[in-house]
Amino acid sequence: METITTTIETTTFDYQNNNGMFGAYGGAYVPPVLEEKLQQLGNHFQTITQTKAFSQEYHYYLNQYVGRPSPLYYAHNLSKYVGSRIYLKREDLNHTGAHKINNTIGQILLAKYMGAKEIIAETGAGQHGVATATAAALFELKCKVFMGKKDAERQSMNVSRMKLLGAEIVLAEQGTATLRDAVDSALGYYIEHPEAFYLLGSQVGPDPYPKMVGYFQSIIGKEAKKQMYEAEGRLPDRLFASVGGGSNAIGLFADFLHETAVEMFGAEGGGEGEVMGKTAATLSFGKPGVFQGTHSYCLQDDAGEALPTHSIAAGLDYPGISPQHAHLKDTQRASYYAITDAEAIDAFRLLSRLEGIIPAIESAHAVALAIKLLKDKNSLSIINLSGRGDKDVERELML
Ligand SMILES: *Cc1c(COP(=O)(O)O)cnc(C)c1O
């Protein structure tokens with residue numbers, strides 16, 4: 001990266017000094033005992049991440065351990081197929097196979113600087129659990145991962161990986177026994193164990209998590225911007241990313257938010273279409289409300305209870321969403337579309353054949369949306385390839 005000489009004006013969103021609100025969204029809706037803890041965490045984040053020592057250590061591990069910067073690859077076959085110039089930001093090439101590790105490295109360093117002895121985390125498909133167990137092993141910290149019982153059965157390989165890495169798995173058996181219940185269990189444990197460090201995996205939950213996760217993932221867009229200047233000498237016209245909780249999308253978008261010429265698109269887990277209970281497209285079909293500590297959009301019934309969700313992509317299968325994306329939607333700075341399971345599977349196969357890159361089924365949602373919106377448009381785009389698809393190959397074979 002040192003070789004880049006182009007002067008680039010970076011006007012990054014200031015996560016360190018954000019007050020926890022993104023327009024009307026965000027905040028911390030938690031019991032008083034957590035309120036104080038989260039405030040302290042936010043203060044530590046603000047001061048520690050601005051020190052040179054922290055920044056150097058964070059970038060050292062991103063470069064030497066995660067393998068950053070990840071390439072910005074010109075996908076010539078896909079570009080020819082679509083009739084538009086498309087680059088892929090290769091987060092699938094990171095250690096552990098997805099973007100999640102950017103955030104876990106950042107938060108675990110923060111935990112270390114704060115003197116934490118135990119790390120706790122929630123996980124759905126197990127991707128964030130594996131990234132957290134990895135980082136905990138690296139820094140010799142005790143690690144407990146809360147996981148829905150149903151998810152643990154569906155994702156047994158990731159359960160084995162986490163155990164191998166030395167993490168303890170705590171099964172959440174209540175409710176739907178999926179991600180939302182794992183978050184509830186982790187929050188419950190956190191209330192009772194104030195000495196633990198809760199390492200949250202997406203841009204959701206109460207303040208300061210959305211700003212911390214947004215900050216640690218913003219490395220994606222910072223790199224992509226430089227790399228695009230190197231390759232094409234200009235900004236991209238459009239950005240595409242899948243949206244579960246919103247962390248890989250905000251990671252790509254953050255450094256472009258003030259570049260008004262750059263359009264941004266998020267692909268949500270549309271599941272089987274606009275049928276409540278069969279979709280996970282929160283911004284497309286949900287309404288504003290408070291869910292798991294933050295005010296944002298939520299897929300909810302008339303009584304304000306979170307609805308069951310469905311997406312073929314476990315990483316997108318969640319009724320909540322980042323408060324920052326809620327704000328970007330309302331202000332029309334970014335647009336969000338529901339991509340169905342069937343469309344995602346088509347894109348999963350297509351990218352594998354065209355480029356020799358098997359994407360995570362989550363990332364395939366972003367590819368599907370790009371293909372839809374870019375057909376024969378002569379523009380320059382980046383798709384965030386948030387993860388690799390090894391975990392999804394077996395299910396693909398069963399279809
Ligand atoms: C977890 C995950 C997602 C969705 O989470 P975000 O916080 O929205 O990024 C997308 N892609 C992959 C590969 C994931 O593991």
Side-chain angles (χ1 to χ4, degrees), residues 70 88-104 107 121-132 134 147 151 155 157-158 161 178-179 182-183 199-205 209-210 212-221 239-254 264-269 280-283 292 294 296-297 309 311-326 328 334 336 339 344 347-348 351 357-369 383-393:
S70 67
L88 302 176
K89 182 61 173 158
R90 299 289 310 274
E91 294 300 300
D92 60 312
L93 295 177
N94 293 338
H95 179 45
T96 68
H99 66 289
K100 296 240 163 56
I101 191 88
N102 304 327
N103 170 53
T104 54
Q107 283 196 48
E122 82 297 337
T123 197
Q127 297 299 104
H128 174 58
V130 168
T132 305
T134 298
M147 188 172 192
D151 286 337
Q155 307 286 339
M157 200 204 26
N158 276 341
R161 288 169 82 194
T178 60
L179 176 59
V183 174
L199 205 164
L200 213 148
S202 188
Q203 208 198 12
V204 297
Y209 287 102
M212 293 203 303
V213 176
Y215 176 71
F216 290 131
Q217 290 294 0
S218 68
I219 185 74
I220 300 172
L239 306 176
F240 294 89
S242 64
V243 177
S247 74
N248 86 87
I250 208 63
L252 179 63
F253 295 175
M264 302 174 180
F265 300 92
E268 298 195 286
T282 308
L283 290 170
Q292 293 191 326
T294 190
S296 183
Y297 277 65
T309 52
S311 166
I312 190 172
L316 308 183
D317 201 357
Y318 181 68
I321 180 72
S322 138
Q324 190 172 13
H325 285 293
L328 294 175
Y336 301 86
I339 293 295
F348 178 82
L351 192 72
I357 297 171
I358 302 172
I361 191 71
E362 288 81 6
S363 320
H365 285 68
V367 176
L369 181 60
I383 303 174
N384 202 19
L385 215 68
S386 53
R388 66 175 184 233
D390 307 38
K391 67 186 178 59
D392 302 307
V393 169

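Just so you know, ligand 1 is whichever comes first in the structure, and atom 1 is the first atom listed for that ligand. The first residue of the sequence shown is numbered 1, and numbering continues consecutively from there.
No hydrogens or angles considered: a donor-acceptor pair under 3.5 Å links the side chains of Glu91 and Ser70. Checking Gln217 against Gln203 by side-chain atom types alone, no donor-acceptor pair falls below 3.5 Å. With no hydrogens or angles considered, a side-chain donor-acceptor pair links Ser386 and Ser363 at under 3.5 Å. Side-chain contact annotation: Ser247 with His99, donor-acceptor N/O pair under 3.5 Å present.
Of the possible donor and acceptor atoms, one in the side chain of Ser322 sits under 3.5 Å from a partner among the backbone N and O of Gln324.
Below 30°, between 30° and 60°, or above 60°: for Phe240 and Phe265 the angle between ring planes is below 30°, a parallel geometry.
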Show me the short polar-atom pairs for ligand 1: any N or O of it lying under 3.5 Å from a protein N or O, with distances only.
unit_1, atom_1, unit_2, atom_2, d
ligand 1, 7 (O), Ser202, OG, 2.6
ligand 1, 7 (O), Gly246, N, 3.4
ligand 1, 7 (O), Ser247, N, 2.9
ligand 1, 7 (O), Ser247, OG, 2.7
ligand 1, 8 (O), Gly244, N, 2.7
ligand 1, 8 (O), Gly245, N, 3.1
ligand 1, 8 (O), Gly246, N, 2.8
ligand 1, 8 (O), Ser247, N, 3.4
ligand 1, 9 (O), His99, NE2, 2.9
ligand 1, 9 (O), Ser247, OG, 3.2
ligand 1, 9 (O), Asn248, N, 2.8
ligand 1, 9 (O), Asn248, ND2, 2.8
ligand 1, 11 (N), Ser386, OG, 2.7
ligand 1, 15 (O), Lys100, NZ, 2.7

